[in-house]
Amino acid sequence: MAAHIIDGKAVSLKIREEAKQRAAVLREKGTIPCLAVVLAGEDPASLSYVKGKSKALAEAGMEGRDIRLSAAVTETELLALIAGLNNDEKVHGILVQLPLPRHIDENKVITAIDPAKDVDGFHPVSVGNMILGRPGFLPCTPHGVLVLLREIKIPLSGAHTVMVGRSNIVGTPLANLLTRRDVNATVTVCHTGTKDLIRHTLQADILIAAAGKPALIKPEMVKPGAVVIDVGVNRVPDNSAKNGYRLCGDVDPAATEKAGYITPVPGGVGPMTIAMLLYNVIQAAEAKV
Ligand code: GUN
């Protein structure tokens, strides 16, 4: 039997609607929630993400301050820009789109952001607060996955979750969130050093693919009835597509026949990332009122 498709788009719209209502309350008090989005260079995927964020902010009655920089911007210039945004009381959140041009030290830039405005949840202070279970910003994609898992109402406590990927943006923080007491899952983290990946994935009640490798997870790697969350957003060349590529997840779509629940690409995890970003910007703005 084919899997139940988890409609991330529908769940994300509910969260965006809630953000819109909270933004309206803030506006009545004279505060317009504002996110500064900084993009250096013209990477096509980054441009498309940044546009999606601006549109979502506008629809929620929030301000998006788009800052576009040349790929040749120096690290010093970028750090000075961030210092200005940190001191700007009208700006509640700062998002620097990654990846940055190679001559810029990403860690230095992330660390320069005021933790009170770190709506990406990437600053070491935010990561530390998350690991310690203290209040703070949760990173958007991991938080979005958690919300989707809660939405389908399968028991998470005691579930064996297998995470494929250990990036700073998804795998590492999500593995951590899932082991928190309020979620209580057991987590195996697989990565490029893992031997015999299929032996692990077949154990998963919940299988999360965040490796950035198109169709890495084949149907035979999925336990029948498992929940499969596909975080992959890979652009693969496709001559029949208008723009020359199509989006492909980390999970082979044929796995739909084995899974109990599965997220589609696009329309699964992707829209949740933007929704949780709006949620964080509202949280940042409310903290200042
Ligand atoms: N690049 C890919 N995903 C993200 C994200 O969630 N935030 C930022 N800032 N850059 C990204």
Side-chain angles (χ1 to χ4, degrees), residues 12-43 45-69 73 77-100 104 106 109-123 125-127 129-130 135-144 147 168-170 173 269-289:
S12 75
L13 287 175
K14 277 197 289 185
I15 292 163
R16 284 167 61 168
E17 187 54 39
E18 189 196 313
K20 186 176 178 176
Q21 285 169 15
R22 285 165 68 182
V25 173
L26 284 166
R27 279 205 316 276
E28 268 172 28
K29 295 181 187 162
T31 296
I32 303 169
C34 172
L35 173 68
V37 179
V38 181
L39 173 62
E42 294 183 354
D43 172 66
S46 292
L47 267 169
S48 140
Y49 290 141
V50 165
K51 281 186 193 149
K53 286 165 189 169
S54 298
K55 185 163 168 276
L57 287 162
E59 281 173 14
M62 295 155 75
E63 188 186 336
R65 202 183 288 182
D66 262 335
I67 302 168
R68 302 282 169 92
L69 306 170
V73 66
E77 286 166 338
L78 184 51
L79 292 173
L81 173 81
I82 290 173
L85 294 171
N86 283 341
N87 290 325
D88 186 335
E89 285 190 2
K90 289 204 156 58
V91 172
H92 302 101
I94 302 170
L95 181 145
V96 179
Q97 185 65 33
L98 303 178
L100 284 167
I104 296 178
E106 238 163 55
V109 172
I110 291 169
T111 310
I113 296 172
D114 177 351
K117 300 189 179 189
D118 175 39
V119 290
D120 252 334
F122 294 166
H123 192 286
V125 167
S126 303
V127 178
N129 282 332
M130 177 188 71
F137 296 112
L138 295 181
C140 303
T141 303
H143 193 190
V147 171
N168 286 348
I169 293 184
V170 184
V269 174
M272 293 301 292
T273 299
I274 291 189
M276 302 327 291
L277 175 66
L278 297 194
Y279 176 94
N280 279 353
V281 176
I282 290 287
Q283 190 183 314
E286 285 176 348
K288 288 284 158 84
V289 174

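Both backbone and side-chain heavy atoms feed into the values below; hydrogens, waters and symmetry mates do not.
Distance alone, capped at 3.5 Å, places no donor-acceptor pair between the S46 side chain and the E42 backbone. Q97 places no side-chain N or O within 3.5 Å of a backbone atom of V37 that could act as its donor or acceptor partner. In this structure, R22 contributes its side chain and I282 its backbone to no donor-acceptor pair below 3.5 Å. The backbone N or O of G136 sits nowhere less than 3.5 Å from a side-chain atom of N129 that would complete a donor-acceptor pair.
Residues P142 and P173 share a closest heavy-atom pair of CG-CG, 3.8 Å. Between A23 and M62, the shortest heavy-atom distance links the atoms CB-CG, 3.9 Å. Summarising the geometry of L78 relative to V109, their closest heavy-atom pair is CD2-CG2, 3.9 Å, with the distance given to 0.1 Å.
Of the candidates K288, K117, R65, R65 is the only one forming a salt bridge (charged side-chain N to carboxylate O under 4.0 Å, His left out) with D88.
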Step-by-step side chain to side chain contact (heavy atoms under 4.5 Å, CB included) determination, L278 to I15 = CA-CA 8 Å; L278 297 194; I15 292 163; over 6 Å; no
Take I104 and V73 through the test side chain to side chain contact (heavy atoms under 4.5 Å, CB included) and record every step on the way to the result.
-> CA-CA 9 Å; I104 296 178; V73 66; 3.9 Å; yes
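For the atom pair L138 CG and Y279 OH, the distance stands at 7.5 Å (nearest 0.5 Å). Of the inter-residue distances, the one linking E17 atom CD with Q21 atom CD reads 5.0 Å to the nearest 0.5 angstrom. Atom-to-atom distance recorded for I94:CD1 and D120:CG is 11.0 Å, nearest 0.5 angstrom. Rounding to the nearest 0.5 Å places CE of M276 at 7.5 Å from SG of C140. To the nearest 0.5 Å, atoms CG (D114) and CG (L85) are separated by 11.0 Å. A distance of 7.5 Å separates NE2 of H92 from CG of L26, quoted to the nearest 0.5 Å.
The number of heavy atoms from other shown groups lying within 6.0 Å of CG (L13) is above 12.
In this structure, the side chains of E89 and T31 stay at 4.5 Å or more apart for every pair of heavy atoms. Looking at P115 and H123, their side chains come closer than 4.5 Å, going by heavy atoms from C-beta outward.
Looking at residues two or more places apart in sequence or on another chain, you find no side-chain contact (heavy atoms from CB on, under 4.5 Å) involving N168.
With respect to the salt-bridge test (charged N to carboxylate O, under 4.0 angstrom), the residues K14 and E18 do not qualify.
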